Every structure is written in C-alpha cells, then in structure tokens.
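First comes the structure, then the notes that go with it.
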There are 2 protein chains.
Amino acid sequence: MVKCDVMSSVTPQLAGSGQSGEIAPSMSSSSPTFSPLYQQIKALITASLESGEWKPGEMIPSEIELAARYKVSQGTVRKAIDEMAADNLLVRRQGKGTFVATHHEERVEFRFLRLVSDDGELGPPESHFIEVKRTRAPNEVARLLGLKPSDSVVYIRRVQRFDGIPVIVEDLWLPGLLFKGLTAERLAQYKGPMYGLFETEFGTRMIRATESLRAVSASADTAALLEIAQGTPLLSVERVSYTYGDKPVEVRHGQYLTKHHHYLNALN
Amino acid sequence: MVKCDVMSSVTPQLAGSGQSGEIAPSMSSSSPTFSPLYQQIKALITASLESGEWKPGEMIPSEIELAARYKVSQGTVRKAIDEMAADNLLVRRQGKGTFVATHHEERVEFRFLRLVSDDGELGPPESHFIEVKRTRAPNEVARLLGLKPSDSVVYIRRVQRFDGIPVIVEDLWLPGLLFKGLTAERLAQYKGPMYGLFETEFGTRMIRATESLRAVSASADTAALLEIAQGTPLLSVERVSYTYGDKPVEVRHGQYLTKHHHYLNALN
DNA sequence: AAGTGGTCTAGACCACTTT
DNA sequence: AAGTGGTCTAGACCACTTC
C-alpha cells in the first residue's frame, strides 16, 4: 500500500478536495502535532455538526458513505462515531442510522435536571417566569461566559413547580448576541425543557455542563418565591453550560428546595 | 469457517476446557438469551477480578494471551477491555500492559470525593475517628445493603479536616461479615482514602456509587463536631457504594460544610 | 430485498516501554 | 530486540428496520 504525506491536527489533509489516493494512517517522521485518523474524523464530524450541516434529530450519512467521503475505512469512521456517541453528541440506532443528539425526545429531564422526588417519580415541571430582560453582564457572569462586562446578556428568573409545589428558583444568564429574539412570551409558550427551545430556535445546543453545589440559606425573596421560611436550607447549584468547542453559553444559578426532593448523582 | 453451537449467558461455552475448535460469534436459532462474544469475555474477565485471580494494581494477561485463553480474536478481547477501561475497572498503559484499577495511586480523591476548595486546590484531608463499633443494622441501612436488621454492621463516625478546619462529618455502615477485623486502630493508622484500606485489607473494592444530595440544617451534635452554629446549612450526601456484581457494600452519610468548599459535578 | 449499524476475524504496522 | 497496547484496514456475516 502506498502512503502519502502528513498533516497538522484539526482541519487536516483529508478534509479538502482530496485527490490524494490515500491517507497516511500514521507518520514516519517530522510531523509536529500528530493525531490518529479517527480523531481527525471526529473533528471533521464535529465541524459539520457545529456548522449545521447535520441538525439535531437528523440522520447523518451512513458509516459507508462517511468512509468514502473521508477516504478512510469504515472501521475508522466507526471508532470516531463510537466515541461521539459515548459523548452524547450522536445517537446510534441499529438498522436505522446515526442521528444527531437532540434535547427533544431524549430524556434530558435526567441528564440536565438531576432532581427526583423522594418517593419515586417526578412529573414534568411547570415553569413560571418571574423576569426576562436584557442587561449588562454582571462581572462574574461575564468572566464565566468569556464576555466583557459591557456586553449584553439575557437575564431570566423563573420558578419551577412539581405537582403545584414550588421547588426551584433559577436565575439564568445567556449571551445577548446568541439569543437575540428571546422574550418572555416565547419562553412561556414553549413546552418542555428550555434547552429544546435554545436548540431549535437559536441554534445553540448545550452538550455538557459543570455544576458547583453547596448548601445555603434561603434569602427573603427566594423564600417568598418558594413559599417557605427565610433561612430554610436550599441546595444551590451553579451551572456553566458549554456548546461545541467547549464554548460557555449559559450560566445558571438554581436553588432547590430539597424537602421532598433530592439531587441524584452517579459516581462511576 | 465452521461454526459450532451456542450457549447461555454468563459462564458460557468458551470458559471451560475448550476443545471445540471454534466459537459461534452469533447464533442462528433457538438460543434464549444471546449476548455478544465480547460481553461474554467481559463477564469472564470480571469473574477473574472478583475471584482475586488478578488483584488491584496487578497486570492482567496481554490481549494476545487472553485471546488465546478464550479462543477469540484479539479484537474481541480488545473491545471487552475497552469497555471495562471505560468503566474504570481496568487501566490500559501503552507499552506496559493492562492493569486492574486500584484505589491507591489513582486519584480517587476526585472520583469519590468531589469536594473542592473555593479557591483552587485542596490538600489531603485528616481523618479523626469519633466512633467505631459493631452493632445491628438500622432498618434503612439493612434495606440498602440487602441485610437483615439483625445482621451485624460496622458503624464509623469520623470528622475530616482540610487545613485544620473541620469540613465533613461522616457516618458509615459496612457489612459486618465483610469487615471482620476493622478496628479504630487500623483506621487511624492507615494513610490515604479508606477505600484503599478496604481494598487491600478486606478485599472489597468499591467500583461505583450513587449519591443523593440535599441541603439540611446542622443538628446540635453535628454542629459541635464542625465547630459551627446549630442550624447552619450543610450539604447532605447519602451514598451507597457497590462492588463487583452491583452488590451494595457501604452506606455513607456525609454532611459537608460548604462555606469555603463546594461539590463539583460534571454533566456529560 | 436493500440499507443500516453491530459483531468478529486476521493481519499489518505503529508507538511506547522494558530488557 | 521483544513485548505491550494503539491504529488502520478489508472482509465476512449478523440483527434490525424499512420498503
């Protein structure tokens, strides 16, 4: 087998017009930052997801097609897709195809909201929006989102009820640039998790998040919203959500009343 | 290629004396519970881990050896090991071999203790054991551990300090049968995480856990141990840890003072 | 029947570690 | 040089879904 030459890392040789007969699966010498073929394929597929070539819920080309497109073997494409499926970026369905993960259908209700009722099930929450406005980013939020304090953000405050009982008070900040038409009306109309709205209406898909948890005392206004006594212990959850390319696109501060609910976590 | 017949699931055909020339990678008809070869290999490797054939920290046979032993291809062994490495049961080291995961060396300090300081790093905690005794399992603990209320358990209460400041009060319950020689002295002598002690001294390795988190108010005695005011909000963490075969072997109730620390969680 | 992902094999070669 | 895991390929066949 004849082998050709080598490349850099992220948008490498096998993307372009591709008249080279074959691809070097590895390199023999003097390549600065080498990465395996399947990781390059991952990067290319991710780029197509990011660019919107394949949208959430849609099917991506079959492994055989992708292998032809990238001029690699099906096994290499397979390994790339395997890892992206493990990262919840893609969903494989035997006999049907491989699909772009979406916040609809998917039970995000447990990937991004880990709260469960003490006695088993948990119905869908009802959202009540207290406030939706555009403002300048608070310093801490600007820092977390990689914005300047003068930049515009959308600020949202809402209360979520389970079975009619208020359980969650949340404050959210979103980059103003990415969420231009976001209004209280559109939020109120939308059924289901906000991430579904963000994905379909604003083209921003949250793919992972980090959370900092602590116990705090309810302030006067939080207590009022949750209809509890001031000073009640609450579970404070500070979340930063990221979209493709590890770009932070949401800061969310939740306060959970854990009297009849708890936050479930798995350590694997 | 000639194919032979089929099997059940967990201790299947390819374990035994093995004079059959080949193994059926799939089956054509009338097999009740079929599972792929690589999953059967996973089960066999797991059984060897469980039986202590390969101990934590030790190297397991090479892929080639295992392939010969189980009479499958190296690729099939590889897939089995890949998944077990993803589950943190095994650790691959290129050029060296595949090793049984261990609570030593490994930074369990972040797999099983998610608490971090608000300002960066977190030194190793010092443990102070308040109480270690054998008793009958409380009802709830017995239920979680799959014991009878009359069964014996080891009960431990300890306080953990970071930089000299008390941050964690923990109550633990362990099955008495599995932890026969566990005394306050051995606990106090041991350096490092308790899971290391459990693994090397008692042959019980924790491989995963589930946690329920909530915010609570410090009781009088907890407050005294943490040197804080009664009623201070604390992060309550109820953990159940499991060893091989999803067998529950520890119930741990932690109360974390989150004034200068927080619990970090990643949603992927 | 055709197309998709899922499993399994056999072999080549590479990169890393140890001898 | 030898042994280990890591990557890549090519091909076979299976299981599931849809037409």
Side-chain angles (χ1 to χ4, degrees), chain A residues 1-4 6-7 12-14 21-31 33-42 45 58-68 70-86 90-100, chain B residues 1-4 6-7 12-14 21-31 33-42 45 58-68 70-86 90-100:
Chain A
M1 174 187 279
V2 180
K3 289 182 187 164
C4 55
V6 203
M7 70 283 309
Q13 72 296 359
L14 43 91
E22 313 206 336
I23 301 293
S26 184
M27 42 101 238
S28 43
S29 64
S30 77
S31 183
T33 53
F34 166 73
S35 81
L37 258 189
Y38 75 90
Q39 283 188 20
Q40 300 178 31
I41 304 297
K42 271 178 75 170
I45 295 174
E58 290 180 4
M59 185 178 135
I60 72 171
S62 74
E63 295 176 355
I64 293 175
E65 283 178 82
L66 289 173
Y70 299 133
K71 293 200 162 56
V72 298
S73 77
Q74 184 181 355
T76 300
V77 170
R78 171 158 273 273
K79 177 146 185 174
I81 292 179
D82 275 345
E83 293 201 352
M84 295 183 70
L90 298 175
V91 178
R92 319 193 74 142
R93 293 192 218 277
Q94 178 171 125
K96 297 211 240 177
T98 301
F99 298 79
V100 183
Chain B
M1 173 189 278
V2 180
K3 289 182 186 162
C4 54
V6 203
M7 70 283 308
Q13 73 295 0
L14 42 91
E22 312 206 337
I23 301 295
S26 185
M27 43 102 236
S28 43
S29 64
S30 77
S31 184
T33 54
F34 166 73
S35 81
L37 258 189
Y38 75 89
Q39 283 189 20
Q40 301 179 32
I41 304 297
K42 271 178 75 170
I45 295 174
E58 290 179 5
M59 186 177 135
I60 71 170
S62 73
E63 295 176 355
I64 293 175
E65 284 178 83
L66 289 173
Y70 298 133
K71 292 200 164 54
V72 299
S73 76
Q74 183 181 354
T76 299
V77 170
R78 169 157 274 272
K79 176 145 187 174
I81 292 179
D82 275 345
E83 293 201 352
M84 295 183 71
L90 298 174
V91 177
R92 319 192 73 142
R93 293 192 219 276
Q94 177 170 124
K96 297 210 235 175
T98 300
F99 298 78
V100 182

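Lettering of chains follows the sequences in order, A, B, ..., and the numbering in each one begins at 1. This structure is a prediction, so every number in the text was calculated from the model and none was measured.
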Within this structure, what is the [atom1]-to-[atom2] distance between [X] and [N], rounded to whole angstrom?
| X | N | atom1 | atom2 | answer |
| --- | --- | --- | --- | --- |
| B:Y38 | D:dA15 | OH | C1' | 13 Å |
| A:K42 | D:dT7 | NZ | P | 11 Å |
| B:K79 | C:dT9 | NZ | P | 12 Å |
| B:D82 | C:dC8 | CG | P | 14 Å |
| B:Q39 | C:dC8 | CD | C1' | 14 Å |
| A:E83 | D:dG6 | CD | P | 12 Å |
| B:Q74 | D:dG6 | CD | P | 10 Å |
| A:I81 | C:dG6 | CD1 | C1' | 13 Å |

Could you check which of C:dG6, D:dG5, D:dT7 has an atom nearest any side-chain atom of A:R92?
-> C:dG6
Report the residue from A:I45, A:L37, A:T76 that forms a side-chain contact (heavy atoms from CB on, under 4.5 Å) with A:Y70.
-> A:I45
Under-3.5 Å N/O pairs linking protein and nucleotides 16-19 of chain C:
unit_1	atom_1	unit_2	atom_2	d
C:dC16	O4'	B:Q94	OE1	2.8

Between B:R78 and A:T76, which is nearer to the 5' end of DNA chain D once each is assigned its nearest nucleotide?
-> B:R78
Looking at residues at least two apart in the chain, or sitting in another chain, which of them share a salt bridge (charged side-chain N to carboxylate O under 4.0 Å, His left out) with B:E58?
-> none
Partner set under salt bridge (charged side-chain N to carboxylate O under 4.0 Å, His left out) for A:R92, not counting sequence neighbours = A:E63, A:D82
What's the spacing between [X] [atom1] and [Y] [atom2] if we round to 0.5 Å?
| X | Y | atom1 | atom2 | answer |
| --- | --- | --- | --- | --- |
| A:R78 | A:T98 | CZ | OG1 | 8.0 Å |
| A:I81 | A:I60 | CD1 | CD1 | 4.5 Å |
| B:R93 | B:M59 | CZ | CE | 11.5 Å |

Sugar-phosphate, base or nothing in reach of B:R93, heavy atoms under 4.0 Å = sugar-phosphate
What heavy-atom pair brings A:P61 and A:L66 nearest, and what distance separates the two atoms?
-> O-CD1, 3.6 Å
Pairing of DNA chain C as dot-bracket, 5' to 3': ( ) intra-strand, [ ] crossing, | other strand, . unpaired, with Watson-Crick or G-U pairs under 3.5 Å?
-> ||||||||||||||||||.
Residues of residues 58-66 of chain B with any non-hydrogen atom less than 4.0 angstrom from an atom of DNA chain D: list those, numerically ordered, please.
-> B:S62, B:E63, B:E65
Answer yes or no: does a side-chain N or O of B:S73 lie under 4.0 Å from OP1 or OP2 of C:dA10?
-> no
With sequence neighbours left out, write down each residue that passes side chain to side chain donor-acceptor pair (under 3.5 Å) with B:K79, or none if nothing qualifies.
-> none
